[in-house]
Student: 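Take a look at the following structure, please.
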Number of protein chains: 2
Amino acid sequence: MDETKTMELIPHLKERGLRITPQRLLILEAIISQEGHPTAEDIHQYIPYTSLTTIYNNLKLFVKLGILNELPYGNGLSKYELNHSKHYHVICQECGKIVDFNYPNLKEVEHVASELTNFHILYHQFEVYGICSSCQDEES
Amino acid sequence: MDETKTMELIPHLKERGLRITPQRLLILEAIISQEGHPTAEDIHQYIPYTSLTTIYNNLKLFVKLGILNELPYGNGLSKYELNHSKHYHVICQECGKIVDFNYPNLKEVEHVASELTNFHILYHQFEVYGICSSCQDEES
DNA sequence: ATACTAAATTAAAATCATTATAAATAAAAC
DNA sequence: GTTTTATTTATAATGATTTTAATTTAGTAT
């Protein structure tokens, strides 16, 4: 099942003349099977025989290709997710956990921003910050 | 004029038993007079006789006190702004410049997020990414 | 199948923003 | 003015990420 998803991504790589290496497949599988928003280090723990350098190189590459999104929020380290359908994020202030939630697209705000600032708008991000339920429980 | 704003912030410090040091006043003045979203390094260029360590210490402190907001977007370094009235940000993909714009508060989304994720919500951020007008001009 | 070549991987060192440490200084209270 | 304790500072440490340069390998051509 996870392998299916990984295989779907291969054409994206081939289209751009990139080589299909075991490491690239492992990195994609790692992100898919963790189902969350892993850091480079998380991925490395999952596939320890692939060097951290390679993981960083390919994460950067996949972001540039549009396969992944980079989420630079939180404690000065990035998390990564598949660039699937639009959604937003809730981030826990305590533990840094990121949870997805759906909400109608806020592209109206993009139009206003464009008019007010003369930027050529590409996309937006929306993050809600709070305390997740497990961290709420831990408060005495 | 800038000094007036700085002076308004002094009671915030005194209330919490913090000392009014020349360095703290300089840091606040630097942020106010740059009128933008300076990095720690920007501030240090502006007041080079205050050590970078002190600047980092106080930025962190001011964020904890609620006087400043930290904006961790962009190329792995933080920018800072006065925590004034609510607004949103447009960020240039090319040069990293941040520009403010106003839009009605999106707190409706917070309610939805809370219901869907069981987080205790504290606040939200919204950023629009694009290309600023100067960077648009530079494209041939 | 085999050899070739450019692309990819890797270990090691470098970089950059930020934080910790510990000694020197100075703000505020007496 | 003296004292106390917070603050500043230089220095070193940290941790995530990037660079470098040598080795390996995917994909193509033979």
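What you are looking at is a predicted structure, and each value in this text was computed from that prediction instead of being measured. Per chain, numbering begins at 1; letters A, B, ... match sequence-line order.
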Student: Check the phosphate of D:dT18 against A:Y56, side-chain N and O only, distance under 4.0 Å to OP1 or OP2. Yes or no?
Tutor: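 No, no such contact exists.
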
Student: May I have the distance from B:R16 (atom CZ) to D:dA6 (atom P), rounded to whole angstrom?
Tutor: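 The distance from CZ of B:R16 to P of D:dA6 comes to 17 Å, rounded to the nearest Å.
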
Student: Do side-chain atoms of B:N58 reach the backbone of B:R24 as a donor and acceptor pair under 3.5 angstrom?
Tutor: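 Not at all, since once roles are kept as given, no pair shorter than 3.5 Å links the two residues.
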
Student: Counting only N and O atoms by type, is there a donor-acceptor contact under 3.5 Å from the side chain of B:K14 to the main-chain atoms of B:I20?
Tutor: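 Here the side-chain-to-backbone pair does not exist.
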
Student: Using only atom types and a distance under 3.5 Å, with no angle test, would you say the side chain of B:Q93 pairs donor to acceptor with the backbone of B:Y129?
Tutor: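 Here the side-chain-to-backbone pair does not exist.
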
Student: Whole angstrom is fine here: how far is it from CG in B:L77 over to C1' in D:dA16?
Tutor: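 Spelled out: CG on B:L77 to C1' on D:dA16 is 14 Å.
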
Student: Quick one: label A:T50 by what it contacts on the DNA or RNA (base, sugar-phosphate, nothing), any heavy atom closer than 4.0 Å.
Tutor: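 Sugar-phosphate, no base atom in range.
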
Student: For the pair B:Y88 and B:H124, name the ring-plane relationship: parallel under 30°, tilted 30 to 60°, perpendicular over 60°.
Tutor: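 Parallel: the ring planes of B:Y88 and B:H124 meet at under 30°.
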
Student: Indicate, yes or no, whether a donor-acceptor pair under 3.5 Å links the base of D:dT7 to the side chain of B:R24.
Tutor: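 Absent.
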
Student: To the nearest Å, give me how far apart CG (B:L25) and C1' (D:dT8) are.
Tutor: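 One finds 14 Å between C1' of D:dT8 and CG of B:L25, rounded.
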
Student: Between A:S114 and A:E110 (side chain of the first, backbone of the second, donor and acceptor by atom type, cut-off under 3.5 Å), is there such a pair?
Tutor: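 Checking the backbone N and O of A:E110 against the side chain of A:S114, no donor-acceptor pair under 3.5 Å is found.
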
Student: Give the rounded distance in Å between these two atoms: CG of B:L59 and P of D:dT8.
Tutor: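 From B:L59 CG to D:dT8 P: 12 Å.
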
Student: Could you tell me how far apart B:I55 (CD1) and D:dT7 (P) are, to the nearest whole angstrom?
Tutor: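 Taking CD1 of B:I55 and P of D:dT7, I get 17 Å after rounding.
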
Student: Check the phosphate of D:dT9 against B:Q23, side-chain N and O only, distance under 4.0 Å to OP1 or OP2. Yes or no?
Tutor: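 It does, given that an N or O in the side chain of B:Q23 lies less than 4.0 Å from OP1 or OP2 of D:dT9.
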
Student: Would you grab the first and last nucleotide of DNA chain C (5' to 3') that comes under 4.0 Å of any non-hydrogen atom in chain B?
Tutor: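 In short, chain B contacts DNA chain C from C:dA17 to C:dA28.
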
Student: Tell me what B:N57 touches on the nucleic acid: a base, only sugar-phosphate, or nothing, going by heavy atoms under 4.0 Å.
Tutor: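 The answer is base, as B:N57 lies within the cut-off (heavy atoms under 4.0 Å) of a base atom.
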
Student: Let me know, please, whether B:Y80 or B:P22 comes out on the 5' side of the other along DNA chain C by nearest nucleotide.
Tutor: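 Nearer the 5' end of the strand: B:Y80.
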
Student: In whole angstrom, what separates A:K14's NZ from D:dA26's C1'?
Tutor: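 It is 11 Å, rounded to the nearest whole Å.
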
Student: Can you tell me the distance, in whole Å, between the CZ atom of A:R19 and the P atom of D:dT28?
Tutor: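 Between P of D:dT28 and CZ of A:R19: 9 Å.
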
Student: Heavy atoms under 4.0 Å, any strand shown: does B:T53 hit a base, just sugar-phosphate, or nothing?
Tutor: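 Answer is base: heavy atoms of B:T53 come under 4.0 Å of a base.
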
Student: Given side chains that start at C-beta, do those of A:K86 and A:N102 come closer than 4.5 Å, heavy atoms only?
Tutor: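 In short, these two side chains do not touch, never coming nearer than 4.5 Å.
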
Student: Indicate, with a heavy-atom threshold strictly under 4.0 Å, whether A:S78 touches base, sugar-phosphate, or nothing.
Tutor: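 Touches sugar-phosphate only.
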
Student: Give a yes or no answer on whether the side chain of B:K79 reaches the backbone of B:G96 with a donor-acceptor pair at less than 3.5 Å.
Tutor: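 At least one qualifying donor-acceptor pair exists.
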
Student: Tell me if a side-chain donor or acceptor on B:H89 pairs with a main-chain N or O of B:I98 at a distance below 3.5 Å.
Tutor: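 Not at all, since once roles are kept as given, no pair shorter than 3.5 Å links the two residues.
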
Student: Nearest whole angstrom, please: distance from the P of D:dT24 to the CD1 of A:I20.
Tutor: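 Roughly 23 Å, once rounded to whole Å.
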
Student: Between B:L18 and B:T39, which is nearer to the 5' end of DNA chain C once each is assigned its nearest nucleotide?
Tutor: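 Per heavy-atom nearest nucleotide, the more 5' residue is B:T39.
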
Student: Is B:T54 near enough to D:dT9 that one of its side-chain N or O atoms lies under 4.0 angstrom from OP1 or OP2?
Tutor: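 Yes, because at least one side-chain N or O of B:T54 sits under 4.0 Å from OP1 or OP2 of D:dT9.
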
